[in-house]
Amino acid sequence: MAITKRLIARLDIKGPNLVKGIHLEGLRVLGKPEEFARYYYEQGAEELMYMDVVASLYDRNSLADIIRKTASEVFIPLTVGGGLRTIEDIRSVLLAGADKVSLNTAAIRNPDLIKQASRYFGSSTIVVSIEAIKQRDGRYLAYIDNGREYTGVEVVSWAKNVEELGAGEIVLISVDREGTGLGYDIDLIRSVTRCVSIPVVACGGAGNCSHVITAIKDGGADAAAIASILHYDYIQKNTIIGDYSKEGNIEFLKKGISFTKVKPTSIPYIKKQMIASGIPTRVLKAEGINEHS
Amino acid sequence: MNTPKIAIIDYKMCNLFSVEHACRFAGGNPEITSDVQIINSSDAVILPGVGAFKDAMANIHQLKLDIALESAIAKNKPILGICLGFQLLFSSSEEFGKTEGLGILKGCVKRFPKEHEGNRLKVPQIGWNNIEICRDVPILSGIRQGEYMYFVHSYYVAPADDTLIVTTTNYNGFQYCSSVMAGTIFACQFHPEKSAREGVKIYNNWISSIS
């Protein structure tokens with residue numbers, strides 16, 4: 001049988017909290033990442049991805065704690081990214097319990113880091129994330145520092161380069177679609193999946209289940225990273241306990257939630273739709289899995 | 001029964017945290033170590049792994065872990081090899097030029113072809129794939145035929161002796177050996193500690209078999 005397409009729960013982290021932004025900015029506090037992580041594990045996520053969204057800007061001791069807590073109770077792969085610059089940074093995250101690391105800013109500034117890191121830790125441990133922004137002329141360029149800084153690097157040629165340097169996987173983020181719920185940028189995904197032979201993870205824009213199906217079927221993605229639709233589903237079904245007042249923007253949590261483009265959806269429901277669409281997916285034994293959307 | 005002492009061999013390259021936690025979760029008493037004496041006094045040994053074959057072998061030789069492992073095998077201790085740890089048990093690998101392995105089992109480690117019978121193989125294989133069980137072994141009891149396990153690898157093992165094969169896996173038409181059993185050694189290409197509840201069950205089975 002063929003390898004299954006993966007659903008990856010993406011959790012953006014700021015300090016000790018799970019946050020969600022729009023276009024990688026304007027962060028809302030949603031809760032404790034390790035609680036969401038455990039829930040997604042139980043629901044049948046194939047993988048988790050922690051992105052420390054402000055790591056390039058601030059220090060980040062809390063990230064290692066979150067990784068440790070998660071790795072002690074969740075037995076699926078965990079990718080960690082955000083602000084990793086050196087072989088030592090990578091090692092420290094792996095030692096805390098991550099299985100793969102995701103590089104962006106440091107990789108563009110110093111492509112040799114991809115080569116060194118994949119040589120040392122093995123290609124399959126090194127993921128490169130590409131933050132793509134569509135230009136007026138239709139080209140896609142790679143940005144760094146959460147889509148803030150222009151590099152002039154063209155996405156498809158960078159993706160090929162990343163593969164040649166030894167990366168094992170690409171997380172392709174559409175900054176334009178991030179947090180909007182408008183759907184993945186299928187043209188972007190297709191342009192990269194056609195040109196590289198390493199797995200490509202579609203990221204940015206999932207607002208409902210059919211967006212996920214399209215990214216895999218039409219875009220050719222090997223996996224879909226999903227954030228808002230899962231987080232909002234979790235929040236609807238679980239009571240968030242805790243005081244997040246020290247952590248900035250909590251208006252979202254206090255008000256309760258209002259959705260526009262995002263339709264909360266559970267992992268079991270997405271899997272059902274994948275099966276219905278003929279996409280190979282991991283089928284769980286029925287015990288203890290909530291099948292309702 | 002006492003909680004079995006499990007030495008998780010640390011050759012200073014990878015994340016052993018999840019292996020340690022899976023052992024503890026499954027009722028073992030694991031210790032991550034490169035200390036030959038601790039390995040010698042353990043009830044069972046895990047050779048884990050993620051990383052590059054060549055660097056791993058260099059570290060293993062330098063830390064004299066090969067000798068510790070061979071002595072554990074000589075004492076008939078249960079050995080669990082995982083991913084790179086599975087590959088390292090064999091004679092040699094093609095990864096980054098030909099490198100000698102531990103040579104405990106005969107066979108070689110090869111890179112996935114980029115294409116097989118017209119199908120493109122994305123390398124590394126990253127993700128969940130099925131294991132087809134071709135031999136009944138206690139460590140896989142309760143695991144359903146075709147169960148999904150988590151794989152991350154660019155290289156696969158071609159054992160010289162096919163009768164050692166416990167499971168095979170089919171990657172886009174390319175069938176290869178995904179686990180072997182030889183004496184007290186069970187070794188697998190997939191990561192049971194990353195394969196959710198079914199993977200943890202393999203740890204349970206393995207640990208409950210340690211006397």
Side-chain angles (χ1 to χ4, degrees), chain A residues 1-8 41-42 44-47 67-68 70-80 91 93-101 118-127 163 166-169 193 196-201 222-223 280-285 287-289, chain B residues 12-22 24-26 32 49-56 83-84 95-96 114-115 119-132 144 146-155 169-173 191-200 203:
Chain A
M1 263 191 249
I3 193 162
T4 66
K5 302 290 182 177
R6 290 169 283 152
L7 297 181
I8 302 176
Y41 169 62
E42 285 161 2
E46 268 71 45
E47 206 166 317
I67 297 170
R68 263 184 229 113
T70 305
S72 67
E73 56 185 17
V74 166
F75 298 104
I76 52 174
L78 172 61
T79 301
V80 174
R91 193 198 311 275
V93 168
L94 293 176
L95 284 176
D99 301 289
K100 302 186 251 185
V101 295
S118 58
R119 169 86 176 71
Y120 197 79
F121 299 105
S123 284
S124 34
T125 308
I126 307 303
V127 178
E163 178 178 18
E169 188 169 39
T193 54
V196 296
S197 60
I198 53 177
V200 175
V201 180
D222 299 276
T281 180
R282 180 174 67 113
V283 184
L284 273 74
K285 276 190 183 170
E287 57 199 6
I289 299 299
Chain B
K12 308 294 177 192
M13 288 199 35
C14 58
N15 160 28
L16 305 175
F17 200 83
S18 53
V19 174
E20 183 191 11
H21 273 275
R24 191 161 287 136
F25 201 83
I32 295 172
V50 163
F53 195 99
K54 195 172 186 173
D55 297 304
C83 193
L84 181 63
E95 188 169 346
F96 297 109
K114 287 205 162 168
E115 239 187 60
N119 293 326
R120 192 168 68 145
L121 266 60
K122 289 196 170 192
V123 178
Q125 171 179 220
I126 301 184
W128 298 74
N129 204 337
N130 310 92
I131 52 169
E132 298 304 328
R144 57 183 174 170
E147 185 55 80
Y148 298 90
M149 293 287 156
Y150 183 72
F151 291 82
V152 176
H153 61 125
S154 302
Y155 294 78
T169 291
N170 185 329
Y171 183 32
N172 225 1
H191 289 269
E193 70 284 356
K194 288 290 151 193
S195 299
R197 281 178 291 193
E198 299 308 306
V200 175
Y203 275 91

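These figures come from a predicted structure and were not determined experimentally. Chain naming here is simple, since letters A, B, ... match the order of the sequence lines and numbering starts at 1 in each. What you see below is based on every heavy atom in this structure, not just the backbone, and it leaves out hydrogens, waters and symmetry mates.
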Expected output: side-chain A:R282 to main-chain A:A45 donor-acceptor under 3.5 Å: yes
Flag side-chain contact, heavy atom, 4.5 Å: B:E198 against B:M149: yes
Atom group of A:R91 that falls short of 4.5 Å from chain B, counting heavy atoms: side chain
B:Y203 and B:E193: CA distance, side-chain angles, deciding distance, side chain to side chain donor-acceptor pair (under 3.5 Å) verdict: CA-CA 8 Å; B:Y203 275 91; B:E193 70 284 356; 2.8 Å; yes
Residue part contacting chain A, namely of B:V200, when any heavy atom lies under 4.5 Å: side chain
Under 4.5 Å from any heavy atom of chain A - which part of B:E20: neither
Segment of A:Y41 engaging chain B (4.5 angstrom heavy-atom cut-off): side chain
Heavy-atom side-chain contact between A:I76 and A:E46 under 4.5 Å: no
Carboxylate-amine/guanidinium contact A:R6 A:D222, below 4.0 Å: no
Option that, when pairs with chain A are counted at under 4.5 Å, heavy atom only, ranks first among B:E147, B:K54, B:R144: B:R144
B:K194/A:E47 ion pair, N-O < 4.0 Å: no
Side chain / backbone / both / neither for A:K5 at chain B, heavy atoms under 4.5 Å: neither
Part of A:V74 within contact of chain B (heavy atom distance under 4.5 Å): backbone
Flag if over 12 foreign heavy atoms under 6.0 Å of OH, A:Y120: yes
Contacts of type ring-ring contact (aromatic ring centres under 6.0 Å, His included), residue B:F151, not counting sequence neighbours: B:H153, B:F190
Residue A:T4 versus chain B: region with a heavy atom under 4.5 Å: both
Top of A:T125, A:V283, A:V196, A:T281 for chain B proximity - count of heavy-atom pairs under 4.5 angstrom: A:V283
Heavy-atom pairs under 4.5 Å with chain A, option from B:P124, B:A196, B:A52, B:G127 with the top count: B:A196
Heavy-atom pairs under 4.5 Å with chain B, option from A:P280, A:A71, A:P77 with the top count: A:P77
